[in-house]
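All remarks here apply to the structure that follows.
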Amino acid sequence: MGCMIVPFLKRLFFIKKASWAERHFVLILIIGAVLAALISLAIGLNQSVWFDEAYSIFLAKQSVAELIHLTSIDGHPPLYYLLLKGWAALFGFGELALRSLSVIFFAGSVVVAGLLVKRVFGLRATLLTLPLLVLAPFMLRYGFEIRMYALASLIGIAATYTLIAARETTDSRRQWILYGVYALLVAIGVYTLYYTALLWVAHLAWLVWMAAKERQSLLSARWPVAFVASVILFIPWLPTFLSQLGNGALSPVVRTLNLEQLLGVVTFNFLYQPAWQPGMIGAFAILFVIIAVVYFAIQAFRHASTHERNYLVLFGLYMLVPLVILMLVSLLKPMYIERYFAHIIIGGLIFLGACSALALAHKKSVRVWIVAVGVFAVMMSGTIHLLQIGNYNFQRSQLPTTKYAAQAVASTCNSDSLIVAKDPYVAIELLYYLPNCQVYFFSETAELSGGYAPVSNSPLHVVTPNDLVGLVERVYYIYDGEPDADFSGRFSELSDQVFDKTHVREFSAE
């Protein structure tokens with residue numbers, strides 16, 4: 001099979017004249033984006049909504065004022081939630097509708113990335129990069145997530161395209177318009193996900209490097225005005241952001257970004273596994289990928305034109321600057337988690353695709369093509385792994401299965417029974433699937449903050465099982481892992497259903 005694939009790819013890649021691919025590029029790009037969207041959506045519709053997604057849905061059901069208030073005391077800005085609210089008002093709160101919004105953003109990022117690669121590296125580089133964008137497990141995983149990551153990825157790559165277009169145009173009026181659009185995208189990005197600011201720092205680093213290389217005075221450049229304008233656009237939300245920094249509302253990311261976690265960025269993107277999980281074969285596969293990427297990068301920088309080399313630097317910084325900044329900051333305060341890199345992975349894939357294309361253009365060798373195919377094969381193994389495990393929560397070491405737990409009790413949700421969740425985390429997940437049920441939850445305190453703020457001071461809060469005595473004859477206790485509540489003495493257990501690590505235990509009052 002490999003003997004057939006490599007010659008085909010070589011014929012496709014080393015076309016001399018205007019090819020079918022050139023004439024039908026837009027069609028190819030649209031097909032690729034639609035394929036990516038369908039794969040991601042198909043995976044997503046087989047998953048259970050988990051806490052972060054349920055929180056997004058809960059906020060989207062609130063009034064605009066309450067939505068912004070809850071966002072201000074949590075860890076993310078409000079734009080995505082507002083868009084989700086408007087989308088759900090049109091299409092409803094079904095899983096297909098909710099996941100479709102993210103999938104559309106994902107497909108859009110593939111289209112913009114394809115157009116960008118063709119603009120700066122040419123058709124052949126795009127033909128190599130597009131399969132990476134379509135089938136990268138990391139992008140597919142966060143393409144269906146009912147969160148802001150796919151939107152942040154689209155904004156990031158669209159802003160990058162706009163920045164390049166602004167720098168390359170010779171029309172003064174058009175340049176000012178493009179820098180205005182860029183400023184708007186930068187501000188929108190930070191209103192969507194604070195971590196996009198690290199990408200804008202990467203842009204800034206590249207622009208300063210280019211100015212120094214071209215011996216251009218920063219005072220005469222127009223892009224600083226765009227950054228100033230983006231900061232001005234963010235000022236209305238700035239006090240809220242500063243208060244979030246002070247009150248600890250920003251998402252707690254509990255691990256230091258050390259070398260192992262940096263390796264995890266590679267393993268997630270190619271194998272869809274954390275760094276500690278791959279076995280011997282997986283470790284060799286990742287080592288092969290790292291060596292291949294380094295080799296392709298060296299060859300690309302060695303033989304690229306000045307124009308191509310400048311943009312290779314840009315996409316290298318696209319990935320490296322956020323990683324380096326988080327590594328340095330996490331030395332003081334642990335703040336790493338893989339999903340906060342979801343919006344910069346697209347830059348790394350473009351870098352890989354462009355380097356591969358430039359290296360293959362120079363080294364017209366079957367062995368080099370075999371290496372390129374091998375890298376893609378490793379990535380495909382990660383896509384297959386994603387298909388197998390879905391939205392597995394590596395931080396909690398469990399597969400979200402609240403959907404199935406909710407289905408087990410939905411028919412008995414009436415005045416004769418009640419549902420009690422282990423904690424606010426499980427309760428917020430259940431509230432999506434059981435919106436018409438009274439879902440009680442255990443918590444030591446009624447006052448809750450951060451992601452639990454929506455159920456703060458809720459009348460459904462209970463401290464111990466004794467608080468449930470006399471309310472109903474039947475109780476369903478839903479928890480993951482080990483139970484925290486002891487129902488013995490006042491309740492008799494009738495059954496225990498288990499879905500992965502999620503238990504649904506049925507009790508009757510004695």
Criterion side-chain contact (heavy atoms from CB on, under 4.5 Å) on Val375 and Leu352, from CA distance to verdict: CA-CA 10 Å; Val375 170; Leu352 173 59; 4.3 Å; yes
Check: Ser153 side chain, Tyr149 main-chain N or O, donor-acceptor pair, under 3.5 Å: no
Under 3.5 Å donor-acceptor, Ser508 side chain and Arg474 backbone: no
Whether Thr129 side chain and Thr126 backbone form a donor-acceptor pair below 3.5 Å: no
Side-chain donor or acceptor of Asn391 paired with backbone N/O of Gln47 under 3.5 Å: no
Summary of disulfide (SG to SG under 2.5 Å) pairs that have at least one residue in residues 406-439, sequence neighbours excluded: Cys413-Cys437
Residue pairs fulfilling salt bridge (Lys or Arg N to Asp or Glu O under 4.0 Å) with at least one residue in residues 80-97, sequence neighbours excluded: Glu95-Lys403
Ring-ring centroid check Phe268 Tyr142, cutoff 6.0 Å: no
Pi-cation contact, Phe93 with Lys61 (under 6.0 Å, within 45°): yes
Residues, nucleotides or ligands: over 12 heavy atoms within 6.0 Å of Glu493 CD: yes
Residue pair His503 / Asp496, side-chain donor-acceptor N/O under 3.5 Å: yes
Residues in side chain to side chain donor-acceptor pair (under 3.5 Å) contact with Thr71, at least two apart in sequence or another chain: none
Check against salt bridge (Lys or Arg N to Asp or Glu O under 4.0 Å), Glu145 and Arg339: CA-CA 10 Å; Glu145 182 96 337; Arg339 59 180 172 268; 5.7 Å; no
Set of residues satisfying side chain to side chain contact (heavy atoms under 4.5 Å, CB included) with respect to Thr162, sequence neighbours excluded: Leu178, Val181, Tyr182, Leu185
All side chain to side chain donor-acceptor pair (under 3.5 Å) counterparts of Ser56, not counting sequence neighbours: Arg147
Beyond-backbone contact of Tyr55 with Tyr81, side-chain heavy atoms, under 4.5 angstrom: yes
Check: Leu494 main-chain N/O paired with Glu506 side-chain donor or acceptor under 3.5 Å: no
Ring pair (Phe, Tyr, Trp, His ring centres under 6.0 Å) partners of residues 396-437, not counting sequence neighbours, each pair once: Phe51-Tyr425
